Amino acid sequence: MLLSWNEIKQRAIRFAHEWRAATSEKSERQTFWNEFFLVFGVSRRRVAAYEEPVRNLSGNYGFIDLIWPGTLIVEHKSAGQDLGKAASQAFAYIRALADEGRDNEIPRYVIVSDFVRVCLYDLEPDDQRDLPLFDDGRPYSFVEIPLAELHNHTRHFAFIAGYKQHKLDPEDPANEQATALMCELHDALHDGGYEGHELRRFLVRILFCLFAEDTGIFPPNSFELYIKNHTKNDGADLGPALARLFDVLNTPPERRQKNLDEDLAQFPYVNGDLFGEHLGFADFNSDMRNRLLACMQFRWERISPAVFGSLFQSVMDAPARRKIGAHYTAEKNILKLIRSLFLDELREEFSALKKLKIGKQQRLEKFHAKLASLAFLDPACGCGNFLIITYRELRRLELELLKELTGQREFSFDEVNKLSRLNVHQFYGIEIEEFPARIAEVGLWLADHQANMELSHAFSQLFLRLPLRVAPHIHVANALQKDWREILQPEKCSYILGNPPFVGKHYQTEAQRNDLKHILGNFKNTGDIDYVTAWYFKAAEYMSEETPHSCSAIRAAFVSTNSITQGEQIPAFWGLFFGKYHMKISFAHRTFKWESDSKGKAHVHCVIIGFCLVPPPVKTIYDYAQNNDEAAIQKVDNISPYLTAGPDTFVTKRTRPLGDVPEIRCGNKPSDDGNFIFTDAGKREFLRIEPEARRYFRRYTGSEEFINGGMRWCLWLKGIEPDELRKLPEIMKRVEAVRQFRMKSSAAPTREAANRPAEFFYMNQPDGKYIAIPEVSSERRPYIPIDLLPSKIISSNKIYIIPSEDIYLFAVLTSAMHMAWVKQVGGRLESRYQYSGSMVYNTFPWPQKPTARQCAAIEAAAQAVLDARARRPASTLADLYDPISMPPDLHRAHEKLNRVVDRAYRSEPFKNDRARVEHLFHLHQTLTDPLLPTPAKKQKKV
């Protein structure tokens with residue numbers, strides 16, 4: 001009778017443990033192979049012989065270490081020797097067998113080993129694509145397995161145990177190709193009419209079976225062989241066959257029919273409700289069957305169950321992803337959150353306990369009980385990536401703890417199965433979509449199985465939790481409408497974590513806007529804040545002292561769009577978060593580039609914010625340089641909503657500048673349906689028809705043209721006399737078209753502007769030279785390109801205008817000091833800088849009482865910047881300020897300008913932008929707080 005694969009796995013663990021310290025004595029080799037065969041339930045003496053002589057080409061005899069005629073040759077070497085040479089020797093013996101006419105003894109497999117490694121060659125691989133070749137052109141497959149990991153690779157040696165048709169493939173990861181195949185299967189089933197809840201459940205079961213086959217839950221290849229041997233090539237009976245398998249997986253052995261086919265009887269009882277629900281049959285065809293079989297060619301055993309999230313994401317296209325707000329987090333970013341939230345602290349506690357001299361055992365037991373008592377809630381869990389990685393890391397910590405508690409003494413099977421106290425029932429999730437919720441459940445079960453295998457290896461006894469007796473608590477619901485207390489009472493919750501959906505105000509659906517209103521009630525600024533903030537408010541309410549079941553010990557952290565720490569969202573969001581709920585930021589990862597674990601990666605910039613009611617005395621800020629995953633760590637007393645060291649204060653919009661400087665306004669907005677705007681070609685054609693209109697054309701620029709060149713033209717008819725206008729029939733047509741366009745508008749101010757159709761809807765064109773600031777510019781540039789423009793160039797509403805040509809004003813605005821303020825206080829359009837008059841310019845703290853000498857130095861440095869630009873009249877601002885092509889003399893001029901502007905704020909140099917921002921915030925608070933002494937606002941006259 002064949003051994004069960006669980007028994008084989010347990011024997012492999014014991015075997016590797018017993019031989020972990022083997023010597024290279026030749027006398028030990030036969031004992032090694034006797035016991036190796038017993039792992040698979042086979043007596044070596046019955047099938048294989050040692051020291052079999054064979055004559056080589058020279059006529060001399062060699063001796064094969066071990067031969068199982070027709071099946072296997074083994075060559076064994078001392079530890080550390082070249083196993084490639086051992087394999088060559090084995091292949092030479094095979095050629096010698098052929099030369100002697102002993103064809104029936106030629107094996108399919110070759111094993112070479114040195115007590116530490118076991119290398120297996122398959123000389124007749126089933127799949128011969130992309131394999132190495134012998135000199136004669138024959139393909140072979142090869143795998144090298146550390147002896148300590150034998151239990152994870154017993155499927156390769158199924159031929160020893162007597163399992164037939166074992167297929168040895170190279171170790172393929174579950175990569176994008178496998179994901180694409182699963183998506184194709186999904187689409188084929190969906191297109192065939194199998195959809196909705198049943199399709200989602202069905203695919204999750206398939207995912208479980210694929211993973212279970214490669215991780216020892218199922219016997220190796222049992223799922224694949226069941227499909228191949230029990231279904232027709234045309235796929236017509238595949239749906240019923242899968243339904244039969246699912247039923248068996250949900251039935252305890254004692255309740256199964258006595259005459260159950262042995263290919264089905266070998267499958268274990270899974271339980272856990274995964275296979276409990278009856279599903280209708282999925283109708284397959286031959287192509288769909290082949291797609292399912294193709295998925296089985298990939299090796300899943302080394303893949304984190306978190307990869308299921310990426311697979312799910314691949315089913316969704318980019319618009320659907322934005323609609324739901326789904327952005328799937330790479331594992332390294334999940335670890336950033338969980339390490340900061342709890343894992344580093346737990347590991348530090350464990351390290352301290354290990355060093356105790358008195359009461360160590362008791363304290364370690366209490367620590368183990370603490371780990372087992374923790375409860376985690378992810379209220380936007382998606383496919384469960386955060387919960388899965390959290391569980392994996394906690395089980396790894398527990399394994400280290402168990403080794404410390406037990407000293408890794410020998411354990412019986414029953415004892416090992418009582419060691420682990422952590423399980424998936426400690427994890428709670430809320431997910432609005434059913435498919436990812438089901439994947440989260442399965443992912444946690446499979447993460448549990450992987451952790452159990454690690455424990456089995458460590459203690460040389462198989463630890464297997466089958467049937468499943470507890471389940472994770474994953475609820476399908478709208479987390480913003482659901483009462484979280486119905487899922488997990490706050491007093492039982494330890495940590496809230498996750499990656500809630502972030503959807504900007506311009507992309508929110510009506511349902512999402514209603515969710516925000518449901519959470520915030522009558523709060524008037526809901527239209528200004530990102531959808532992700534609703535989870536912050538919901539978590540704060542759940543944790544709040546004012547609730548009947550408050551639990552101030554709960555700590556939370558979310559990955560979020562960095563927009564909630566910038567611009568106009570800060571007063572709208574953080575004012576309520578701090579003021580109403582009394583939350584404090586406990587740690588923060590400043591902006592880093594988002595990476596997901598999926599094809600078609602989401603392109604966003606994120607922050608991670610930890611918060612709680614009772615924060616630690618010292619908070620931590622993690623700061624990332626561009627394109628660098630290594631964080632600079634700063635320990636601070638408090639973290640501001642800008643994620644800088646500082647108080648819980650924030651900048652609010654102002655209608656007037658904070659210094660004695662000119663007011664800023666946006667440029668001219670046409671609201672003309674394109675009738676007043678022309679390209680070069682459009683202008684030439686228009687003047688061909690109506691040449692008298694030439695004097696009314698002006699150069700016209702928005703942010704794009706201002707930076708990249710290619711200014712357009714506009715008809716600028718301000719002040720035109722009625723009789724002059726009526727002499728220009730083509731212009732009259734354009735003006736009439738504008739009037740009609742504005743009259744149809746739903747906005748009252750636009751309809752009112754129909755009464756003056758010859759003018760731009762909003763006009764703000766200075767009479768003299770002016771400073772122009774583009775509203776949007778790339779974050780790649782070290783500075784926002786700012787310039788002085790003549791009044792004859794009309795700037796659109798995408799340009800901010802300061803009616804002054806004062807070079808001192810230009811100098812400060814184009815300095816590193818002002819750029820630091822822009823980066824911190826300004827908004828972002830995606831990752832690009834988005835300038836704002838009310839949030840940036842009007843709130844900017846100007847140098848207080850600069851001396852005449854300082855002003856002169858600043859003006860001279862600014863003129864050097866303009867001179868460096870002027871030396872390159874053919875270059876656009878985009879050319880000049882690209883970090884790669886920026887001219888050295890322009891770079892030096894800016895560096896000098898930065899130094900002299902910095903000295904106008906203080907004599908001590910600023911080390912970096914963070915230091916500049918901290919100084920500016922302090923100055924801003926001084927200038928705006930009526931209870932503090934206010935420095936004179938008087939600026940250099942401009």
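Since the structure is predicted, the reported quantities are computational estimates derived from the model, not experimental observations.
There is a side-chain donor-acceptor pair under 3.5 Å between Ser340 and His589. Counted by atom type alone, Asp530 and Tyr536 present zero donor-acceptor pairs between their side chains at under 3.5 Å. Inspection of the Gln569 and Ser563 side chains reveals an N or O donor paired with an N or O acceptor under 3.5 Å. Of the N and O atoms on the side chains of Tyr531 and Asp515, at least one donor lies less than 3.5 Å from an acceptor on the other residue. Under 3.5 Å, the side chains of Tyr881 and His891 contain no donor-acceptor pair of N or O atoms. Using modelled atom types, one finds no donor on one side chain facing an acceptor on the other under 3.5 Å when comparing Trp535 with Ser560.
At least one side-chain heavy atom of Pro647 sits under 4.5 Å from a side-chain heavy atom of Gln925. Under the 4.5 Å side-chain criterion, counting only non-hydrogen atoms from C-beta, Ile389 is in contact with Arg392. The shortest distance between side-chain heavy atoms of Phe592 and Asp623 does not fall below 4.5 Å. In this structure, the side chains of Tyr783 and Asn898 come closer than 4.5 Å at one or more pairs of heavy atoms. Two residues are said to be in side-chain contact when any heavy atoms from C-beta on lie closer than 4.5 Å; Asn499 and Asn385 fail this criterion. Taking the side chain as every heavy atom from C-beta outward, His894 and Met886 approach each other to under 4.5 Å. Using a 4.5 Å cut-off on side-chain heavy atoms (C-beta onward), Leu341 and Arg555 make contact. A 4.5 Å side-chain heavy-atom check between Met817 and Asp913 finds every atom pair outside the cut-off.
Using cut-offs of 30° and 60° for the angle between ring planes, the Phe342 and Tyr495 rings count as tilted.
When the shell of 6.0 Å around NE2 of His922 is examined, it contains 12 or fewer heavy atoms from other residues, nucleotides or ligands. The environment of NZ in Lys354 is crowded: more than 12 heavy-atom neighbours from other residues, nucleotides or ligands sit within 6.0 Å.
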Practice task
Give the C-alpha distance, both sets of side-chain angles, the deciding distance and a yes or no for side chain to side chain contact (heavy atoms under 4.5 Å, CB included) between Phe427 and Leu374.
Solution key: CA-CA 9 Å; Phe427 293 84; Leu374 298 176; over 6 Å; no
Exercise for the section: Go through Glu398 and Arg395 one step at a time and tell me if the salt bridge (charged side-chain N to carboxylate O under 4.0 Å, His left out) criterion holds. Expected result: CA-CA 5 Å; Glu398 184 195 36; Arg395 284 294 302 271; 3.3 Å; yes
Practice task
List the steps, then state whether side chain to side chain contact (heavy atoms under 4.5 Å, CB included) holds for Ile884 with Arg780.
Solution key: CA-CA 10 Å; Ile884 297 175; Arg780 291 183 63 249; 4.1 Å; yes
Exercise for the section: Could you go through the side chain to side chain contact (heavy atoms under 4.5 Å, CB included) check for Ile430 and Cys381 one step at a time? Expected result: CA-CA 6 Å; Ile430 308 173; Cys381 71; 5.9 Å; no
Exercise for the section: May I have the step-by-step check of salt bridge (charged side-chain N to carboxylate O under 4.0 Å, His left out) for Glu393 and Arg339, ending in yes or no? Expected result: CA-CA 10 Å; Glu393 294 301 311; Arg339 287 187 59 185; over 6 Å; no
Problem - Trace of the salt bridge (charged side-chain N to carboxylate O under 4.0 Å, His left out) decision for Arg781 with Asp882 - result: CA-CA 6 Å; Arg781 301 186 184 102; Asp882 187 291; over 6 Å; no
Problem - Criterion side chain to side chain contact (heavy atoms under 4.5 Å, CB included) on Lys366 and Leu353, from CA distance to verdict - result: CA-CA 10 Å; Lys366 287 184 177 180; Leu353 293 177; over 6 Å; no
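When every heavy atom of Val559 is checked against every heavy atom of Pro500, the shortest pair comes out as O-CD, 3.6 Å. Closest approach of Ser836 and Tyr800 over heavy atoms only: CA-OH, 3.7 Å. Of all heavy-atom pairs spanning Tyr542 and Leu488, the tightest one is OH-O, 2.5 Å. Of all heavy-atom pairs spanning Leu613 and Met543, the tightest one is CD1-O, 2.8 Å. What you find for Ile621 and Ala645 is that their closest heavy atoms are CD1-N, 3.6 Å. Between Ile784 and Met819, the shortest heavy-atom contact is N-SD, 3.3 Å.
A donor-acceptor pair is defined here as one N or O able to donate and one able to accept, closer than 3.5 Å; no such pair exists between the side chain of Arg914 and the backbone of Thr644. With Trp484 contributing its side chain and Ala479 its backbone, the two residues share a donor-acceptor pair below 3.5 Å. For Asn562 (side chain) and Val607 (main-chain N/O), no donor-acceptor pair under 3.5 Å exists by modelled atom type. Put simply, the side chain of Glu431 never gets that close to the backbone of Ala380: no donor and acceptor are under 3.5 Å apart. Between the side chain of Ser815 and the backbone N or O of Val812 there is at least one donor-acceptor pair closer than 3.5 Å. With Ser351 contributing its side chain and Arg347 its backbone, the two residues share a donor-acceptor pair below 3.5 Å. Judged by distance alone, with hydrogens and angles left aside, the side-chain atoms of Gln848 form a donor-acceptor pair with the main-chain N or O of Trp846 at under 3.5 Å. Side-chain atoms of Lys619 come within 3.5 Å of backbone N or O of Asp637 as a donor-acceptor pair. Between the side chain of Thr814 and the backbone N or O of Phe810, no donor-acceptor pair lies under 3.5 Å. Using modelled atom types, one side-chain atom of Arg654 and one backbone atom of Asn842 make a donor-acceptor pair closer than 3.5 Å.
How far CG of Leu394 is from CG of Leu387: 11.0 Å, rounded to the nearest 0.5 Å. Rounding to the nearest 0.5 angstrom, the gap separating the CZ atom in Phe350 from the NZ atom in Lys355 is 11.5 Å. Between the CG atom in Leu343 and the CD atom in Glu348 there is a gap of 10.0 Å [rounded to 0.5 Å]. Residue Cys612 holds its SG atom at 11.0 Å from CD1 of Ile554, rounded to the nearest 0.5 Å. Summarising the geometry, atom OG1 belonging to Thr390 is positioned 7.5 Å from atom CD1 belonging to Ile334; distances are rounded to the nearest 0.5 Å. Note that the OG atom of Ser778 and the CD1 atom of Ile707 stand 8.5 Å from one another [nearest 0.5 Å].
Each of Tyr642, Phe650, Phe844 was compared with Phe921 under the ring-ring contact (aromatic ring centres under 6.0 Å, His included) criterion, and only Tyr642 meets it. Residue Ile529 is tested with Leu576, Leu520, Ile564 for a side-chain contact (heavy atoms from CB on, under 4.5 Å); the sole match is Leu520.
The distance between the ring centers of Phe611 and Phe558 falls below 6.0 angstrom. Aromatic rings of Phe376 and His473 (six-membered ring for Trp) have centroids beyond the 6.0 Å cut-off, not under it. Aromatic pair Phe573/Phe537: centroids less than 6.0 angstrom apart.
Figure legend: cation-pi geometry between Lys336 and Tyr624, with NZ or CZ positioned under 6.0 Å from the six-membered ring centre and within 45° of its axis. Under a cutoff of 6.0 Å and an axis angle of 45°, Arg903 and Tyr905 do not form a cation-pi pair.
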